[in-house]
There are 2 protein chains.
Amino acid sequence: MASLPDMTSKPPPLFPRLARDALSQRIAQALTEAIVSGRLKPGDRVSESAIAREMGTSRAPVREAGRLLESAGLLVSKANRGFFVRTITADDLDSIYELRLCIEREAAARLVRVGGVAGVVPDLHLQLDEMTGRSADGQVIHQIAADLQFHRLIVKNSGNSRFLAVFDTLASEIQASTALIDRVFDDPHKIARNHLLIIDALETGDEGEARAAMDYHIGVAREAVVNHFRVLEAGHPAPPPRKVP
Amino acid sequence: MASLPDMTSKPPPLFPRLARDALSQRIAQALTEAIVSGRLKPGDRVSESAIAREMGTSRAPVREAGRLLESAGLLVSKANRGFFVRTITADDLDSIYELRLCIEREAAARLVRVGGVAGVVPDLHLQLDEMTGRSADGQVIHQIAADLQFHRLIVKNSGNSRFLAVFDTLASEIQASTALIDRVFDDPHKIARNHLLIIDALETGDEGEARAAMDYHIGVAREAVVNHFRVLEAGHPAPPPRKVP
DNA sequence: TCAAGTTAAATTGTCGACAAACGACAGTTT
DNA sequence: AAACTGTCGTTTGTCGACAATTTAACTTGA
């Protein structure tokens, strides 16, 4: 369905009508890219005027982009001080993973309940290939992105839009925080095998199985990531904020 | 515990830091009040210029307030069209309550786990009094607010800051949607009794008991509210948007 | 009468400018 | 020497104005 050409509206949406408002969004995207890639580090100041100067726009759209990323959890704003890249502690990450666990556990169960498993399994396999492919060329960031995308597919197809909204927020925070990590935790093929277990659990058609698989999978990731950050914090007790354009 | 004076931090926050940025926030608060009180109805347009004219400010802070409420889920923005009061469907509410269930179930269990029950029970009883008091004078809106506040206390003291962040978003959406309701679902004293059951469960010190109590309590509310909205939707298939200053 | 095309009004997106607020540094006092 | 106070430069919060877009109102034609 939804594949028939729509005769009622204009013929070709050839060029995706780029709304004027897109300016804020493009700025937001550029900032996001800078954060998840690690060019902007936690605690760094994000100056409205500096960004505006660099990008050749006024401060207004930069401000909007900042607010956008603030609600996405990538930036924080101090009154009369401006925006700063959010500093994420190990405790924060633990809270994030605990919430993520609640969401994804239910999402997996819900996906089974509404009978949407068969529809997503092919996409899940595709995403898995992407994941192992990315890890081959040492692109840790892209590998993590593909990993999150795998989980996102499950959440999205669970049918609860709020689950997806929360997941997206958490995912961007996780992606941003893992920008500091330069090594993979596990052998890529082992990770792929773990994800296969999730698919298997989904295909049993048992809600309890699906929940349990998610519980285990995310629990493992949680422990690994949080521990990694705890030792990082032990080494860098208070990283001094850098001034970045 | 948590009752000893904290010697490590500054003594008293004697004067509460009043930031200049408060302007946007005051506008946001005024808009929120208008929405939850029902003066602004779902689908209504919220014009930047009109609001700015009325409040005697420029459009910039109004815009910020709009973005703030957008991330809070009270408004939606269409490109080049401005802000509109979010229309919430029965399905939306069902999704919201399902998410709320996930959060609060874990929050209750977590509260028990970290041993914070004794610290909040007195506050919970105070909030319960507030709730029954409000319902006496027919202030349904305030009663619902007090109800949400009760639940918020539990979430807040659970110790996971993300739980609270999500809950606050959901709470404001619930509060806004229930602005359309003009009658109480249940006898106030029955509601109070139901909340007492939650307190009892928390005091058993058993995580499973706490979870189960929340499951039941929120499940009942979910069914009542969602059903109420389904019949509302049957009557008002597509309420036409009103133009409001 | 209704439909489509055209014009006018209103509203948003963006811009540059101004004043208040903050952080830093220096000077003064105890 | 330490702490407080005053000044200075930088950055944000806010403002009014302009350009682009949408909405409506109006005209025209079948």
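So that the names make sense, note that chain A is the first sequence line, chain B the second, and so on, each numbered from 1. Nothing here was measured: the structure is a model prediction, and the numbers come from that model.
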Exercise. Just how far, in rounded Å, is C1' of dT12(C) from CZ of F83(B)?
Worked result: 10 Å
Seminar exercise, completed: Testing dT11(C), dG13(D), dC15(D) for proximity to the side chain of R45(B), the answer is dT11(C)
For this session: Would you tell me if any nitrogen or oxygen in the side chain of S58(A) comes within less than 4.0 Å of OP1 or OP2 on dC15(C)?
Result: yes
Exercise. Are any of the side-chain heavy atoms of V85(B) and K41(B) separated by less than 4.5 Å?
Worked result: no
Exercise. Could you give the CZ-to-P distance, from R26(B) to dG13(D), as a whole number of Å?
Worked result: 15 Å
Seminar exercise, completed: When rounded to whole Å, the CZ to P distance for the pair R63(B) and dT14(C) reads 7 Å
For this session: Round to a whole Å and report the spacing from CD1 of I27(B) to P of dT14(D).
Result: 8 Å
Exercise. Taking only residues two or more places apart in sequence, or in another chain, which ones meet F150(A) in a ring pair (Phe, Tyr, Trp, His ring centres under 6.0 Å)?
Worked result: H195(A)
Exercise. Taking the side chain of S49(A) as heavy atoms from C-beta outward, which of dT12(D), dT14(D), dT14(C) is closest to it?
Worked result: dT12(D)
Exercise. Under 4.0 Å: is that the gap between some side-chain N or O of S24(A) and OP1 or OP2 of dG13(C)?
Worked result: no
Exercise. If we only count heavy atoms from C-beta on, is the I174(B) to R100(B) side-chain gap below 4.5 Å?
Worked result: yes
Exercise. Is R59(A) side chain donor-acceptor paired with the dG13(D) base, going by distance under 3.5 Å alone?
Worked result: yes
Exercise. Rounded to the Å, how far apart are F84(B) CZ and dT11(C) C1'?
Worked result: 10 Å
Exercise. Can you pull the salt bridge (Lys or Arg N to Asp or Glu O under 4.0 Å) pairs that have at least one residue in residues 145-159 of chain A, sequence neighbours excluded?
Worked result: R152(A)-D168(A)
Exercise. What nucleotide, of dT12(C), dT14(D), dC15(C), holds the atom closest to the side chain of S47(B)?
Worked result: dT12(C)
Exercise. Quick one: which of dT23(D), dT14(D), dT11(D) gets closest to the side chain of R81(B)?
Worked result: dT23(D)
Problem set entry | Distance in angstrom units between E54(A) CD and dT11(D) P, rounded | 13 Å
Exercise. Hey, is E70(A) close enough to R67(A) for a salt bridge, meaning N to O under 4.0 Å?
Worked result: yes
For this session: Check every atom of dG13(D), dT14(C), dT11(C) against the side chain of N80(A) and return the nucleotide holding the closest atom.
Result: dG13(D)
